[in-house]
> 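To start, I am sharing the structure in question, which I have written as structure tokens.
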There are 2 protein chains.
Amino acid sequence: MARANLTSAAVIAAAADLADRDGFDTITLSALARGLGVQTASLYSHVRDRSALVEGVHRLALGELADRIALAIGGRAGHDALTALAGAHRDYAREFPGRWTALQRPATEATVRSEAAGRVAGLTLAVLRGYPLPESELVHAVRLLAATVNGFLALQANGSIAHREPDPDLSWRRALDALDVAFRSWPAPAAGSSPAERKS
Amino acid sequence: MARANLTSAAVIAAAADLADRDGFDTITLSALARGLGVQTASLYSHVRDRSALVEGVHRLALGELADRIALAIGGRAGHDALTALAGAHRDYAREFPGRWTALQRPATEATVRSEAAGRVAGLTLAVLRGYPLPESELVHAVRLLAATVNGFLALQANGSIAHREPDPDLSWRRALDALDVAFRSWPAPAAGSSPAERKS
DNA sequence: TGCCGTACCTAATAGCTTTAGGTTTTCGCC
DNA sequence: GGCGAAAACCTAAAGCTATTAGGTACGGCA
């Protein structure tokens, strides 16, 4: 039997495919080896251990997501860009549920500081530059946007929202519209005073 | 040796404690049995299998969270109530990281429809009734709020935000202020027309 | 053609889950 | 007080997974 001639990347890609097909926590070195026609122990030549494998999938997904976001928001601005960015996230989560789940897992320091992670952050930042936000507030807006988009998708994946009335898609659009409003009339002080004073 | 006289609830509580102490995925029937001074197989009298156990922890956490939310928002309204509700979520995630992680896992249909889940949803709804939202928009607002709060906490747990400049706490306050603004000037049509028209 | 790295293998240990079936404690009841 | 049954606990065993150690053979390069 010809050898499989695996590489680290190939193994990780196979793991990602497996996760998308059968669910994230079926990522197991045994199942993977079975699918690749190789003995389990052989995978250790390409991957340090299981945790390194899922980190690899995480990193892979981050890169793919960045590509899709870049493609989606190209040439758009404002509300359009916001919708496109969010849509890229959502489409990715739909198409690649396993990979997307990997993104939700705790990331190592290396992954957080990876080029792919930086690209996602940078693209999100770019979208928000289309809104009248002071430079010092941009980071907060990025975090809010990331939190809401990921949180919504997580709620769906979780089952809290899926298949319930009213249509989640409608809620999705409303959420993006609400964020759009929020970014347009950002509540923070332009100068550095405390925002605690607010008529309830 | 005296018998432990376990119950289903006691086992689940022990699992929750274990998760908080050593991390969610150290929830293992073996470790649990070890801690309870009992043979692994004995746990199967109280818990159907591992998945039922984590579902139990999920359900438990949901109930505890509901209690804390109820306590926190009592007597408050508007921005105050919003902050209190979000704060209850955050404090819970901080104090009980293992239990909180359980909340992020896919829930069974039974858990989604459980009394505890309903209570959390109901309390969130109550907070949002303090805002000038049409009845038909309340659900969307609830989902947005839930998504943002959970998403933010997930980002922190994930490492994407934690220990970075600027202070995540500041972003947290900004996010809540932004939501407050969004709920105050909700962008959806009062009547049933499409919200697609929006000057970008 | 021979040699070396490395891709792959076999073998073995150890931990976790789950099922089957046996023992003992506890508790209601006469 | 003792009897009987339910339930709490146990031992034993099978099957899966991760991981390490050390051996074999294939491919490219001199």
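Here is how names work: the chains are called A, B, and so on, in the same order as the sequence lines, proteins then strands, and each is numbered from 1.
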> Does D49(B) or N5(B) map to a spot on DNA chain C nearer the 5' end, using the closest nucleotide for each?
D49(B)
> If you check the H46(A) side chain, which of dA8(D), dA7(C), dT19(D) turns out closest?
dA7(C)
> Closest approach of L43(A) and L29(A), non-hydrogen atoms and distance?
CD1-O, 3.4 Å
> Separation of L32(B) atom CG from dC16(C) atom P, in whole Å?
12 Å
> dT19(D) P sits how many Å from R50(A) CZ, rounded?
8 Å
> Nearest of dT17(C), dC10(D), dT19(D) to any side-chain atom of V38(B)?
dC10(D)
> Rounded to whole angstrom units, what separation is found between the CD1 atom of I27(B) and the P atom of dG15(C)?
20 Å
> Name the nucleic acid region contacted by R48(B), choosing base, sugar-phosphate or nothing; use a 4.0 angstrom heavy-atom cut-off, strictly under.
nothing
> Within the pair S45(B) and dA7(D), is there a side-chain N or O less than 4.0 Å away from OP1 or OP2?
no
> Please report, rounded to the nearest Å, how far the P atom of dC9(D) is from the CG atom of L43(B).
9 Å
> If you take all heavy atoms of F152(B) and S171(B), which pair is closest and at what distance?
CZ-CB, 3.9 Å
> If you check the A41(A) side chain, which of dA21(D), dT11(D), dC8(C) turns out closest?
dA21(D)
> Are D167(A) and R173(A) ion-paired here, with the side-chain N under 4.0 Å from a carboxylate O?
no
> Hey, are the side chains of T124(B) and V120(B) touching, using non-hydrogen atoms and a 4.5 Å cut-off?
yes
> Is there a donor in the side chain of S114(B) and an acceptor in the side chain of T111(B), or the other way round, less than 3.5 Å apart?
no
> Whole angstroms only, please: what is the CD-P distance between Q39(A) and dA11(C)?
10 Å
> Whole Å only: how far is the CG atom of L36(A) from the C1' atom of dA7(C)?
13 Å
> Reckon T28(A) touches a base, only the sugar-phosphate, or nothing at all at heavy-atom distances under 4.0 Å?
sugar-phosphate
> Among dT19(D), dT17(C), dC9(C), which nucleotide sits nearest the side chain of Y44(A)?
dT19(D)
> Which of these nucleotides, dT11(D), dT19(D), dT18(C), is closest to any side-chain atom of T40(A)?
dT19(D)
> Base, sugar-phosphate, or nothing: which does S42(A) touch, judged by heavy atoms less than 4.0 Å apart?
base
> Nearest whole angstrom, please: distance from the C1' of dC26(D) to the CG of L6(A).
15 Å
